[in-house]
Protein chains: 2
Amino acid sequence: MSSEDIRVSSKAVLNKRWQSGDHGLSIERLPAKESFKSKAYAALKEAITNMNIYGSNEPVLLDERDISERLGASRTPVREAVAMLEQEGLLRAVPRRGILVVRRTKAEIIEMIEAWAALESMAARLATLRASDEAIAELRAYYKEFDTSRIERERNDDYSSANIAFHQGLIRLSGSSLLAAMTDNLFFHVRAIRHRTIFEMDRAQRSAADHQEIILALEARDADRAERLVRDHTLRLARHVESHVDLD
Amino acid sequence: MSSEDIRVSSKAVLNKRWQSGDHGLSIERLPAKESFKSKAYAALKEAITNMNIYGSNEPVLLDERDISERLGASRTPVREAVAMLEQEGLLRAVPRRGILVVRRTKAEIIEMIEAWAALESMAARLATLRASDEAIAELRAYYKEFDTSRIERERNDDYSSANIAFHQGLIRLSGSSLLAAMTDNLFFHVRAIRHRTIFEMDRAQRSAADHQEIILALEARDADRAERLVRDHTLRLARHVESHVDLD
DNA sequence: CCTCTGAATTTGGCATACCAAATACCAACA
DNA sequence: TGTTGGTATTTGGTATGCCAAATTCAGAGG
């Protein structure tokens with residue numbers, strides 16, 4: 001089964017109908033009802049999100065046939081969805097045992113936060129170089145609104161997600177959709193722990209002054225400083241998790 | 001199809017045989033001959049690796065049935081493998097058209113190099129804090145060997161992969177397997193372009209002095225400096241690609 | 001009452017079949 | 001000759017069936 005065996009199909013040369021077709025008028029392929037595969041993927045991912053994986057210490061197992069039934073689909077698309085989630089690191093299909101929802105070790109979580117620090121600080125750097133004044137102003141506005149009026153009256157959960165939104169907003173300023181995608185993925189894993197405790201820690205760690213300073217650095221277009229502030233903050237969170245979170 | 005529909009199977013409570021079993025002695029599940037799914041995955045990935053995706057401008061399409069035949073397996077495991085590679089961003093299955101090998105735009109490549117810069121510079125930082133003197137010495141030894149004796153006599157290709165190895169070695173010093181995995185993945189995509197030209201640029205960019213400086217910073221345990229050197233170097237590569245590589 | 005054995009059952013992996021949608025082909029007509 | 005309409009074929013998505021491995025369980029033997 002060498003790679004030689006796999007070649008481009010004879011269809012590599014496209015059909016006329018697809019090659020041309022530029023009349024200025026661009027028509028999108030219609031809705032294209034999503035497949036069971038993607039529905040299963042979404043449903044599983046949601047289920048995993050809402051599940052408190054770290055609630056108990058028992059391994060969490062899922063059953064293929066069971067899921068197919070609940071979804072009203074056959075096993076095939078479910079298995080494909082599982083394969084994808086496995087690739088994403090959320091599941092692990094262990095033969096004869098079932099589909100295991102992967103539990104992260106504390107060390108892994110810390111690595112994730114460190115990677116997050118790397119990506120977000122780079123995003124901050126790029127943002128100082130690329131973001132428009134307006135975009136930065138928007139972030140400031142958002143931060144001001146949510147940091148002043150909402151803090152007192154809303155619950156921790158809301159603050160927590162608003163906090164995440166701040167991070168994400170900052171990352172989006174970099175203009176790099178890759179950085180955004182990668183951090184979103186990391187957030188997903190980190191968030192899965194203990195229903196948001198991590199991000200509540202983040203809140204505790206990040207003073208209003210921290211926010212302020214970061215935005216100031218952005219506005220001053222001081223790349224080094226913005227990068228350092230973001231990195232140090234997130235790395236502090238990692239250290240905090242290291243010493244105060246109990247897992248494994 | 002709400003997420004409510006998916007629950008933990010009744011098997012969540014494990015069998016005795018699996019719950020206990022901590023005798024310090026850990027026995028791994030034997031070889032467990034790999035499935036067709038993973039074989040197909042490996043074969044496809046290798047094929048994609050060796051394929052010069054950017055050689056022509058024609059979309060590269062693959063055919064499910066064709067692949068199954070060549071592999072001597074049915075479509076099912078192949079489709080699962082494809083689903084995984086799709087998740088990984090290497091393929092895109094477009095309905096009625098075939099399996100498309102994803103071509104990256106120049107902008108995407110640049111984003112990848114920037115993300116790489118973020119991760120590798122963080123790795124450098126962590127390495128200065130955590131790597132043992134011995135480990136750092138090893139990197140120096142490796143670098144010395146390959147930079148002096150091999151440069152003249154070996155071909156570019158070899159230098160290029162040795163160069164990648166240097167990066168990977170540095171990243172491994174951080175002790176973070178996540179950083180390693182993430183950068184490996186980025187390397188994979190970047191490497192796919194034009195058969196190594198990017199890394200040859202990297203070579204051109206990185207003078208022997210660069211190597212030297214980075215290792216010195218590691219040895220001096222100067223985190224800020226190590227981080228900056230690595231970051232700046234890789235970002236320079238990004239800028240270089242931006243202005244000198246022709247894609248799209 | 002515990003242990004061991006092997007038969008019954010369950011489970012995941014794979015193959016195959018089927019269907020509807022989409023494409024390709026072709027022939028009749030302008 | 002160029003279009004057009006309709007038919008044949010291909011293809012991806014899904015369902016289903018089969019099988020071997022692994023687990024469970026019950027009953028025999030201690």
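In what follows, chains carry the letters A, B, and so on, assigned in the order in which the sequence lines appear, proteins first and then strands, with residues in each chain numbered from 1. Please read all numbers here as calculations on a predicted model, not as lab measurements.
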Distance in angstrom units between [X] [atom1] and [N] [atom2], rounded:
X        : N      : atom1 : atom2 : result
A:Glu64  : C:dT11 : CD    : C1'   : 8 Å
B:Arg65  : D:dG13 : CZ    : P     : 11 Å
A:Asp63  : C:dT10 : CG    : C1'   : 10 Å
A:Lys37  : D:dA15 : NZ    : C1'   : 16 Å
A:Lys39  : D:dA15 : NZ    : C1'   : 15 Å
B:Phe36  : D:dA20 : CZ    : C1'   : 13 Å
A:Leu100 : C:dT11 : CG    : C1'   : 16 Å
B:Leu61  : C:dT23 : CG    : P     : 13 Å

Worksheet item: Do A:Ser35 and D:dT14 have a side chain to base donor-acceptor pair shorter than 3.5 Å?
Response: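 Side chain to base: no pair present.
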Fill in: Audit row: A:Glu88, A:Phe188, side chain to side chain contact (heavy atoms under 4.5 Å, CB included) steps and yes/no
CA-CA 11 Å; A:Glu88 216 172 323; A:Phe188 182 88; 5.9 Å; no
Taking only N and O in the side chain of [X], is any of them less than 4.0 Å away from OP1 or OP2 of [N]?
X       : N      : answer
B:Arg75 : C:dT16 : no
A:Ser74 : D:dA15 : yes
B:Arg79 : D:dG12 : no

Practice prompt. Determine, for A:Arg172 against A:Glu138, whether the closest basic-nitrogen to carboxylate-oxygen distance falls under 4.0 angstrom.
Written response: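 No, this pair does not count.
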Discussion item. For B:His189, run the side-chain contact (heavy atoms from CB on, under 4.5 Å) check against B:Val102, B:Leu90, B:Ile113 and tell me which one passes.
Written reply: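 In the set B:Val102, B:Leu90, B:Ile113, the residue that makes a side-chain contact (heavy atoms from CB on, under 4.5 Å) with B:His189 is B:Leu90.
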Discussion item. So B:Ala93, base contact, sugar-phosphate only, or nothing? Heavy-atom distance under 4.0 Å.
Written reply: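 It contacts nothing in the nucleic acid.
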Worksheet entry | Exercise: identify the closest heavy-atom pair between B:Gly72 and B:Phe36 |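 Scanning both residues completely, I find the closest heavy atoms to be O-CE2, 4.0 Å.
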